[in-house]
S.K.: 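Pasting a structure here, questions to come.
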There are 2 protein chains.
Amino acid sequence: MADRTGTFDGVHRRNLSKLLVLAHLEGPLSRARLTAETGLNRSTVASLASELADLGLVEERAPDPTNRVGRPSPVVAAHPSVQAIVVNPEVDAVTIAAVGLNARIVVRERLEVDHLVTPAETADLVAGVLARWRTTELRDARIVGVGLAVPGQVRSDDGLVRWAPHLEWTDAPVRELVESATGLPAGVANDASLGARAEHLFGAGRGVDDLVYLNGGASGIGGGLVVGGRLVSGTRGYAGEFGQNRPGIARQDDRRVPDGVLEDEVSRARLLQVVGLTHADEPTLAAAIAASGGLAVAEELARQQRILATALGNAVNVLNPSLIVLGGFLATLAAHDAAALEAAVAAQCLPVASEGLDIRVAELGENRLLIGAAELAFARLLADPLAD
Amino acid sequence: MADRTGTFDGVHRRNLSKLLVLAHLEGPLSRARLTAETGLNRSTVASLASELADLGLVEERAPDPTNRVGRPSPVVAAHPSVQAIVVNPEVDAVTIAAVGLNARIVVRERLEVDHLVTPAETADLVAGVLARWRTTELRDARIVGVGLAVPGQVRSDDGLVRWAPHLEWTDAPVRELVESATGLPAGVANDASLGARAEHLFGAGRGVDDLVYLNGGASGIGGGLVVGGRLVSGTRGYAGEFGQNRPGIARQDDRRVPDGVLEDEVSRARLLQVVGLTHADEPTLAAAIAASGGLAVAEELARQQRILATALGNAVNVLNPSLIVLGGFLATLAAHDAAALEAAVAAQCLPVASEGLDIRVAELGENRLLIGAAELAFARLLADPLAD
DNA sequence: CATAATTTGTTGCGCTTGACGGCAAATCAG
DNA sequence: CTGATTTGCCGTCAAGCGCAACAAATTATG
């Protein structure tokens with residue numbers, strides 16, 4: 001009905017939210033820091049914090065021993081037993097984990113599969129694992145929801161997976177399937193977007209308000225963008241598909257695919273091929289590249305960097321971010337000659353737009369998607385801790 | 001010091017702001033509609049509205065005669081005598097106008113110049129015109145600030161014009177110059193960004209939360225983007241420079257400039273050339289194109305559409321907007337064969353991303369930049385009507 | 001033309017909730 | 001052990017919104 005914005009109740013809820021978000025994002029914080037951070041009154045923070053504690057959403061612990069003058073301030077921490085179940089279905093496995101409100105992974109299980117899982121199978125797998133965990137690791141946990149990171153386009157309204165090419169899912173109502181299998185509210189989003197969110201909140205993009213994130217995987221390039229501190233989803237949730245872009249290619253002989261898209265030209269498969277591997281994880285590929293002194297390898301790296309630089313330059317012109325975060329094989333590609341990439345990007349965009357632009361490698365490891373997906377499940381709670 | 005967010009005072013200020021913004025954007029509104037729109041209580045709206053009236057920011061008029069049952073509701077309208085001075089320096093002229101809080105242009109004057117104006121000259125021109133107006137048209141006006149729309153890159157922190165190539169301004173502190181010449185607070189921004197803001201708030205993009213705006217001018221292509229209902233400025237304010245992008249060009253012989261950018265390939269000058277004109281305003285160019293049955297003209301239009309479609313497809317992949325607004329000669333280019341352009345864009349981006357995508361022509365005429373610039377001047381007032 | 005129905009302004013009251021100030025508590029410096 | 005400093009705790013205060021009852025102004029109905 002009414003969105004309580006503008007009323008007193010709304011203020012209260014927003015203040016609770018603000019505290020909980022701080023505890024969630026910044027980790028354990030003293031009450032004193034919370035008052036400083038929120039600008040609220042000491043007494044107000046005290047009452048809000050104890051309200052959150054009563055709700056079981058935060059723990060108030062004894063003060064940390066600090067070496068400063070004055071009365072020690074109790075530490076407020078997001079309650080670790082408030083948890084989200086997160087799911088990442090892939091071609092060869094389904095990873096399921098539980099993530100605490102303190103953003104730490106509690107349990108994690110990778111279920112290898114010998115065939116492509118269907119949406120219904122995925123839901124059943126989640127329900128099964130959850131039922132087992134509920135009697136063991138998560139006996140005392142309070143599970144607030146499920147977040148799914150899906151390699152495909154997900155409609156944000158209803159979580160419908162419109163198309164996940166590698167899983168061969170089309171218009172899959174996986175959100176509803178998971179909700180009815182588990183009895184928990186679920187959220188679904190594109191995996192790369194969730195990676196962007198994770199890197200923004202907990203990784204290389206901490207505290208940065210405008211960033212572009214690109215991840216290079218085995219099957220293509222995905223991404224996400226943060227504008228003004230908020231993850232961009234677009235109208236329907238399909239934003240961030242950098243891999244499908246067609247960047248300019250200045251040298252005609254740099255092109256491999258006629259009318260190809262970015263991920264046709266800048267691809268992990270081509271890197272593997274040129275170093276003579278068929279399958280390899282990222283460290284192995286990076287090592288192989290570093291070890292190789294071959295001209296062909298150097299050529300291919302330079303070619304891919306040139307095309308990537310144009311794509312990044314385009315993004316910089318349009319979005320004027322202060323940071324570009326590269327993950328997966330794009331991190332390997334960038335790390336190989338970071339200065340060259342930075343220079344190429346700067347050369348391909350408006351001079352002022354690249355001022356103060358930083359290009360960094362993603363920090364979070366393989367848990368990135370899980371942490372991002374947990375944000376989906378925590379979103380409601382964080383936005384309004386009183387919304388049951 | 002503290003940003004009063006989260007306190008009661010903050011609620012009050014936000015509510016005042018909400019009402020004023022509604023009156024500003026939606027035009028005159030009944031108090032009844034305001035209560036519905038804000039979700040606040042009748043009595044609250046009454047008190048807020050009369051507070052705004054006391055501040056001289058809105059007028060409360062007698063009810064409009066409506067044919068509906070029930071007691072008529074007084075109409076609240078943004079006060080037209082609360083005004084902004086707006087300035088648009090160009091190569092051949094400086095346009096100065098006064099815009100009311102009701103978003104209507106009160107006075108407008110185009111001062112032709114026979115040389116490139118300097119920032120200091122611009123400031124003097126503004127101060128001179130303003131002084132004259134203050135004794136005539138604007139005798140009873142309450143001028144709250146100045147907004148400048150500059151064709152160049154403007155740093156958002158301090159309004160420094162980093163580079164305006166056609167005006168030949170470099171690192172021009174035009175904001176400070178105007179502020180000290182007029183004694184009014186001033187804001188400066190890129191002209192195309194302000195065009196995007198105007199089209200978003202009052203033009204083809206009304207009510208649309210995610211849109212991309214591209215304007216084709218004589219000297220290039222500028223643009224702006226709205227994400228989640230907010231104009232994107234980027235870290236330093238340089239966002240929206242679509243004209244400097246390098247989109248993929250599938251057919252090699254479509255390229256005119258080696259390693260050229262979008263505005264090298266998709267250009268008004270090339271259109272003029274192919275129809276055999278040297279100078280023409282937009283209607284003249286459009287008429288010439290429509291009149292010409294020549295193959296060369298059709299070829300050039302199709303070529304430019306192809307390249308534009310790739311650039312737009314890239315933007316759609318990344319931003320998933322629900323609307324693309326085209327202005328200037330890009331509107332002419334699009335109108336020539338709208339279906340072809342839509343199809344080409346859809347073919348160049350992820351299928352789901354173009355679902356429900358609309359491509360429209362800009363609605364606001366030559367006053368677009370002025371109305372956008374007024375938003376700069378009104379921003380403070382609208383965000384916090386009590387902030388003196 | 002009179003009465004009913006409907007919508008909305010007006011008024012006074014109450015309640016929620018954050019700010020404020022005084023005091024106590026807990027630490028460190030010397 | 002004393003003073004300084006920081007912070008928690010508690011009682012009081014007040015700003016401002018919701019609410020409900022009533023009044024006012026219009027249309028619908030017979």
Side-chain angles (χ1 to χ4, degrees), chain A residues 1-20 28-55 58-76 384-386, chain B residues 1-19 28-55 58-77 384-386:
Chain A
M1 196 203 280
D3 83 300
R4 296 271 179 187
T5 288
T7 101
F8 286 149
D9 189 44
V11 174
H12 189 129
R13 291 169 117 96
R14 255 196 308 284
N15 285 341
L16 285 173
S17 163
K18 208 182 290 185
L19 251 61
L20 190 57
L29 289 171
S30 70
R31 286 226 299 246
R33 269 207 60 195
L34 285 174
T35 64
E37 215 71 53
T38 58
L40 297 170
N41 193 282
R42 286 208 300 263
S43 55
T44 308
V45 170
S47 112
L48 292 171
S50 77
E51 190 173 349
L52 286 174
D54 288 346
L55 289 168
V58 301
E59 279 179 331
E60 287 208 273
R61 293 201 309 250
D64 272 340
T66 166
N67 280 340
R68 292 181 43 208
V69 194
R71 178 171 176 171
S73 194
V75 169
V76 178
D384 185 358
L386 292 181
Chain B
M1 197 208 277
D3 81 300
R4 294 273 179 186
T5 288
T7 100
F8 287 151
D9 190 43
V11 174
H12 191 204
R13 291 169 116 98
R14 254 196 309 283
N15 285 341
L16 285 172
S17 163
K18 208 181 291 184
L19 251 61
L29 287 171
S30 70
R31 283 221 309 240
R33 270 206 59 196
L34 285 174
T35 63
E37 220 57 65
T38 58
L40 297 170
N41 192 281
R42 288 208 296 265
S43 57
T44 309
V45 170
S47 115
L48 291 170
S50 78
E51 189 173 349
L52 287 174
D54 287 346
L55 289 167
V58 301
E59 279 179 331
E60 286 208 273
R61 293 200 310 250
D64 273 339
T66 166
N67 281 339
R68 292 182 42 207
V69 194
R71 177 171 176 170
S73 192
V75 169
V76 178
D384 185 358
L386 293 180

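Letters go in sequence order (proteins before strands), and every chain restarts at 1.
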S.K.: Would you give the length of the straight line joining atom CZ of B:R61 to atom OG of B:S30, rounded to the nearest 0.5 angstrom?
M.R.: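 Here the rounded value is 11.5 Å.
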S.K.: Hey, does the side chain of A:N15 come within less than 4.0 Å of C:dT17's phosphate (OP1/OP2), counting only N and O?
M.R.: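 The answer is no; no side-chain N or O of A:N15 sits under 4.0 Å from OP1 or OP2.
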S.K.: Does the side chain of A:E60 reach to within under 4.5 Å of the side chain of A:V75, using non-hydrogen atoms?
M.R.: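 A side-chain contact under 4.5 Å is absent here.
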S.K.: Please confirm whether the backbone N or O of B:R13 pairs with a side-chain atom of B:S17, one donor and one acceptor, at under 3.5 Å?
M.R.: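 No.
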S.K.: Among all residues two or more places apart in sequence or in another chain, which pass the salt bridge (Lys or Arg N to Asp or Glu O under 4.0 Å) test with A:R71?
M.R.: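 In terms of salt bridge (Lys or Arg N to Asp or Glu O under 4.0 Å), with neighbours along the sequence ignored, A:R71 is linked to no residue.
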S.K.: Expressed as a whole number of angstroms, how long is the span from B:L48:CG to C:dG9:C1'?
M.R.: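 That distance rounds to 15 Å.
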S.K.: Does B:V76 form a side-chain contact (heavy atoms from CB on, under 4.5 Å) with B:L34? I'd like the steps, not just the answer.
M.R.: CA-CA 9 Å; B:V76 178; B:L34 285 174; 3.9 Å; yes
S.K.: What is the distance, to the nearest angstrom, from the CZ atom on B:R14 to the P atom on C:dG18?
M.R.: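 Those two atoms, CZ and P, are 12 Å apart.
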S.K.: When the distance from CG of A:L386 to C1' of C:dT17 is rounded to whole Å, what number comes out?
M.R.: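 Going from A:L386 (CG) to C:dT17 (C1'), I get 13 Å.
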S.K.: Going by an N to O cut-off under 4.0 Å, is there a salt bridge joining A:E37 and A:K18?
M.R.: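 No, this pair does not count.
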S.K.: Counting heavy atoms from C-beta on, name the nucleotide in D:dG16, D:dT27, C:dT17 closest to the side chain of B:H12.
M.R.: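 In terms of side-chain proximity for B:H12, the closest of D:dG16, D:dT27, C:dT17 is D:dG16.
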S.K.: Let me confirm one number: the CG-OG1 distance from B:L48 to B:T35, rounded to the nearest 0.5 Å.
M.R.: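 Taking CG in B:L48 and OG1 in B:T35, the distance rounds to 11.5 Å.
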S.K.: Can you give one letter per nucleotide of nucleotides 4-14 of chain D, going 5' to 3': B for a protein heavy atom under 4.0 Å from the base, S for sugar-phosphate only, - for none?
M.R.: BBBBBBB----
S.K.: Test your reading of the model: is there a side-chain donor-acceptor pair from B:T44 to the backbone of B:L40, 3.5 Å cut-off?
M.R.: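 No; zero donor-acceptor contacts below 3.5 Å.
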S.K.: Rounded to the nearest Å, what distance is computed from the CG atom of residue B:L16 to the C1' atom of nucleotide D:dC17?
M.R.: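 B:L16 atom CG is separated from D:dC17 atom C1' by 13 Å.
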S.K.: Report the end-to-end axis angle of the helix from C:dC1-D:dG30 to C:dG30-D:dC1; each axis comes from five terminal pairs, and the value is rounded to 10°.
M.R.: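 Between the axes fitted at each end of the helix from C:dC1-D:dG30 to C:dG30-D:dC1 lies an angle of 20°.
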S.K.: On DNA chain D, check which nucleotide each of B:S47 and B:N67 is closest to and give me the residue with the more 5' one.
M.R.: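 First, find each residue's nearest nucleotide; the 5'-ward one identifies B:S47.
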